[in-house]
Amino acid sequence: MSERIPILDNLNEPQKQAVTNVKGPALILAGAGSGKTKALTHRIAYMISQGVQPWQILAVTFTNKAAGEMKERIKNLLTITQDDYAVVGEAGAGRIPVMGTFHSICARILRRDIDKLGRDRSFVIYDADDQDKLMKEVLKEMRIDEKDLKPKAALGYVGRFKCEAISPKDAMSQATTPRMQNVILAYASYQTALKKANALDFDDLILEAVRLFTEVPEILDRYQETWRFLHVDEYQDTNHAQYLFISMLAQKYRNLCVIGDPDQSIYAFRGADIRNILEFEEEYPDALRIKLEQNYRSTQIVLNAANAVIKANPNRPDKEMWSARKDGPRIIVHEVRDEKVEAEEAVLAAENLKKEGIPYNEQVIIYRTNAQSRLFEEACMRRGVPYRIIGGVKFYARREVKDVLAYLRVILNTADTLSLLRILNVPARKIGQTTIGHMQAFASQNRLSLWQTLQRVEEIEALNEGVAARIQSFTALIGKYQKLAEAVPVAQWTLGLLDDIAMEKWLKEDGTEEGEERWGNVQELISVMHKYDALDPHSSLMSFLEEVTLVSEVDKLSDIKDDALTLMTLHLCKGLEFEHVMIGGCEEGIFPHSNSLYDREQLEEERRLMYVGMTRAKTHLRLLLTRSRMLYGTVTSNAPSRFLSDLPDDVTEKRSDELLSAFAWATESGVKRATDKHIEPFRQREVEADFNQDITFDEMNQDGPTLDKGTRVRHKVFGDGTITAKRGDVVTIQFDNGKRKDFALSIAPLQVIG
DNA sequence: CGTCAAGCCCTTTTT
DNA sequence: GGGCTTGACG
């Protein structure tokens, strides 16, 4: 260790407090850009310099990337050499604390001891895709029509139960409606199915760890003794199960330091419970409370704007960020004709700042929904701007990648029927749906797993010799690689496997560019595998599979070195910072999202999302909105986002591409072009209202008849139709002539018809 | 058994 | 607008 440790240099007063008070409970309220990571890394380094053993420290981060960066920084602070570096999860092994996400930490704990709960240690982890498939099966078996209860909806409930740590049994007592009873029955069968497949889903990782702690107190005790100093970052985004996990660990020594910002709580939809942070002090009355309010990231102008937006939320802690960076450009609020222009303008703005010396790496386009990414991507391609999209169709969720992963999973764990079904006929080997049906029937008759059935395929009378032979050669193939998997690291034998199944040929068969790309993805997967070459063969396979399910998209940002513009959702941008931030689609119905418009709490969360997005900006902040946009196949006009109206005039600069262009689509639809009307920026829905001014539909503009789904209406231009969807003021009408369009009820010239 | 086209549905955010 | 499922046909 170095002689002079600069651990307390360059810290402000509250940061120093956070760093040096290492014992007992502590709550650090750390606003955006307040040097939170710095405080945390210095705190940990300080502890170590004071004689705390590194392996006694646990830090839970929100992403693996954050964990990696923190380790790096701590290493630098302590001038630890590469040799001392421990891999995450090797508790007690190294001179770097254990750091990782709740999920990765719990997965490690379970890999070691889940057999104490009567389960197998080589479990696989199911991602959202797998969950969906499994739930589909479950519902099918229960003979519940997908239309009555969609797998996604069922999983939504299940997820909420799990976040609250409510078992199917506990849930049953809450079921009041038949529908809920079905949901809970589905929850129970889903759990059984997971267990049968020797699989855990994301939520199970936390829950089973908690269960392990509860049912085997010695194990809890072991971890309590190991990890005596606990840290949780982004505490505002923890759910109840995670709360239980960390509380149990903290019980003994009470050295729990949580860091968070209630204003940045944006994961309520996955069970994050903001009360965890708000009630921390009630639970630990002796907790040290530290507020970090100085922002080192943004200009005061950016902060003024962000503060103004977040202030409109009730019940938030009293805090206001400030910055020493007083000067800076105003925030540009740019209104354009439609989403194409929006994308074009955003990319153009990035190019211009690049010319002024801000690299693309320091610039980002963020948006509310993944669906918005495509246009920005296309604009980048058109203009030749290098870009990368984070999120969206995730690499590990791609078909060909999941296919290869399914082979590896089956080889590790033949109980994983879902994966087995996936690869049985991929690449095509003439084992079709009929054959699979016969085998499944045989399996359930004889209480066998699908894999066991495969071994006894010659006993199934319904199958002819040809098909039986093909199945046998498939099981022989899997058998061959099961043996190899015990002998050599994963990358090595996977190459042989791909060769045996002629994966390259299968993917490139259609001769398209897409095929080439798919094969490229498979090769990329192999290159990730090489990271596990040094481990023993069995752990090499297991660790690899674990990594690919638990890495988040943001984790991969750090590996990329080229200068490229980043595109991502608002949720993914948390914790990041850029010189230039552009937020697209600042329109009602987009952001805030239409599903959130009529729910107070959800609206508050949307607002926090806006706050998070804005506070990513160091210097340049640009908010984009359109007057009209193609959405789900129809043209819509949305009012400007309510968040924009909270921006103080003196920090914004409003821009608008000009005039009349909003009428272009009307011309295209053969409607007479309006020429005499000036469109002011921020006035919406002119389009629908204007060309029907000769009609009066007074009854429609009052609260009058409720226009719900199914109501028959008449439109002067488009004729008769039926309302097929309603989102607040906006209805979608399916016209009898086949056209479908969205209208704003308060303005649209509609008439209810018999 | 595999392919293709038409129709269906959806359409928030993620470890 | 697009991804996915379903159904008809080769």
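Here is the naming used below: chain letters follow the sequence lines, and residue numbers restart at 1 for every chain. Values reported hereafter were calculated over all heavy atoms of this structure, with side chains retained and with hydrogens, waters and symmetry mates removed.
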So what does A/N425 hit on the nucleic acid, given a heavy-atom distance under 4.0 Å: a base, only sugar-phosphate, or nothing?
-> sugar-phosphate
Tell me, yes or no, whether the heavy-atom count around A/Y243 atom OH, taken from other residues, nucleotides or ligands under 6.0 Å, exceeds 12.
-> no
According to a strict under-4.0 Å criterion, is A/T435 in side-chain N/O contact with OP1 or OP2 of B/dC1?
-> yes
May I have the distance from A/Y611 (atom OH) to B/dT13 (atom C1'), rounded to whole angstrom?
-> 20 Å
Which nucleotide in the set B/dT13, B/dC10, C/dT5 lies at the smallest distance from any side-chain heavy atom of A/T369?
-> B/dT13
Nearest-angstrom distance from the residue atom CD of A/Q372 to C1' of C/dG2 | 16 Å
Nucleotide nearest A/T101 (side chain, heavy atoms from C-beta), chosen from C/dT5, B/dT15, B/dT14 = B/dT15
Which word best sums up how the rings of A/F245 and A/F102 line up, parallel for under 30°, tilted for 30 to 60°, or perpendicular for over 60°?
-> perpendicular
Rounding to a whole Å, what distance do you find between A/K574:NZ and B/dT14:P?
-> 12 Å
Rounded to whole angstroms, how far apart are CG on A/L424 and P on B/dG2?
-> 11 Å
With sugar-phosphate meaning primed atoms plus P, OP1 and OP2, does A/Y267 contact a base, only sugar-phosphate, or nothing at under 4.0 Å between heavy atoms?
-> sugar-phosphate
Which word best sums up how the rings of A/F269 and A/H571 line up, parallel for under 30°, tilted for 30 to 60°, or perpendicular for over 60°?
-> perpendicular
Is_stacked (A/H593, B/dT12) at 5.5 Å, 30 deg | yes
Between the base of B/dT15 and the side chain of A/H103, is there any donor-acceptor pair under 3.5 Å?
-> yes
Value in whole Å for how far the C1' atom of B/dT13 lies from CG of A/N239 = 16 Å
Consider the side chain of A/T569, meaning its heavy atoms from C-beta on, and name the nucleotide among B/dC1, B/dT15, B/dT14 that approaches it most closely.
-> B/dT14
Using a cut-off of strictly less than 4.0 Å, decide whether A/N370 has a side-chain nitrogen or oxygen near OP1 or OP2 of B/dT14.
-> yes
Qualifying residues under salt bridge (charged side-chain N to carboxylate O under 4.0 Å, His left out), relative to A/R211, sequence neighbours excluded | A/E208, A/E215
Touch class at under 4.0 angstrom, heavy-atom based, for A/Q602 against every strand present | base
Which one, B/dT15, C/dT5, B/dT12, comes nearest to the side chain of A/N595?
-> B/dT12
Could you check whether A/R374 gets within reach of a base, just the sugar-phosphate, or nothing at all, counting any heavy atom under 4.0 Å?
-> sugar-phosphate
Inter-nucleotide P distance (C/dC4, B/dT13), Å rounded | 14 Å
Would you kindly give the CD1-to-C1' distance between A/I390 and B/dT15, to the nearest whole Å?
-> 16 Å
Check every atom of B/dT13, B/dG2, B/dC1 against the side chain of A/A428 and return the nucleotide holding the closest atom.
-> B/dG2
Phosphate OP1/OP2 of B/dT15: any A/T549 side-chain N/O under 4.0 Å = no
With a 4.0 Å cut-off on heavy atoms, is A/L572 in touch with a base, just the backbone sugar-phosphate, or nothing at all?
-> sugar-phosphate
Contact class for A/T434 vs. all strands (heavy atom < 4.0 Å): base, sugar-phosphate, or nothing?
-> sugar-phosphate
Ion pair check, A/K531 and A/E547, cut-off under 4.0 Å | yes
Pair A/R108-A/E546, salt bridge (Lys or Arg N to Asp or Glu O under 4.0 Å): steps then yes or no | CA-CA 10 Å; A/R108 294 301 164 126; A/E546 192 162 302; 3.3 Å; yes
Would you kindly give the CG-to-P distance between A/D132 and B/dT14, to the nearest whole Å?
-> 16 Å
Closest to the 5' end of DNA chain B, once A/K152 and A/V551 are matched to their nearest nucleotides, is A/K152
Has A/F269 got its ring stacked on the base of B/dT13, with centres under 5.5 Å and planes less than 30° apart?
-> yes
Whole-Å distance between B/dT15 P and A/F102 CZ?
-> 15 Å
What nucleic acid atoms does A/L570 come within less than 4.0 Å of, heavy atoms only: base, sugar-phosphate, or nothing?
-> nothing
Fit a plane to each ring of A/F161 and A/Y187, take the angle between them on a 0 to 90° scale, and name the class: parallel (under 30°), tilted (30 to 60°) or perpendicular (over 60°).
-> parallel
Relative to the 5' end of DNA chain B, which residue comes earlier, A/S596 or A/Q242, by the nucleotide with the nearest heavy atom?
-> A/S596
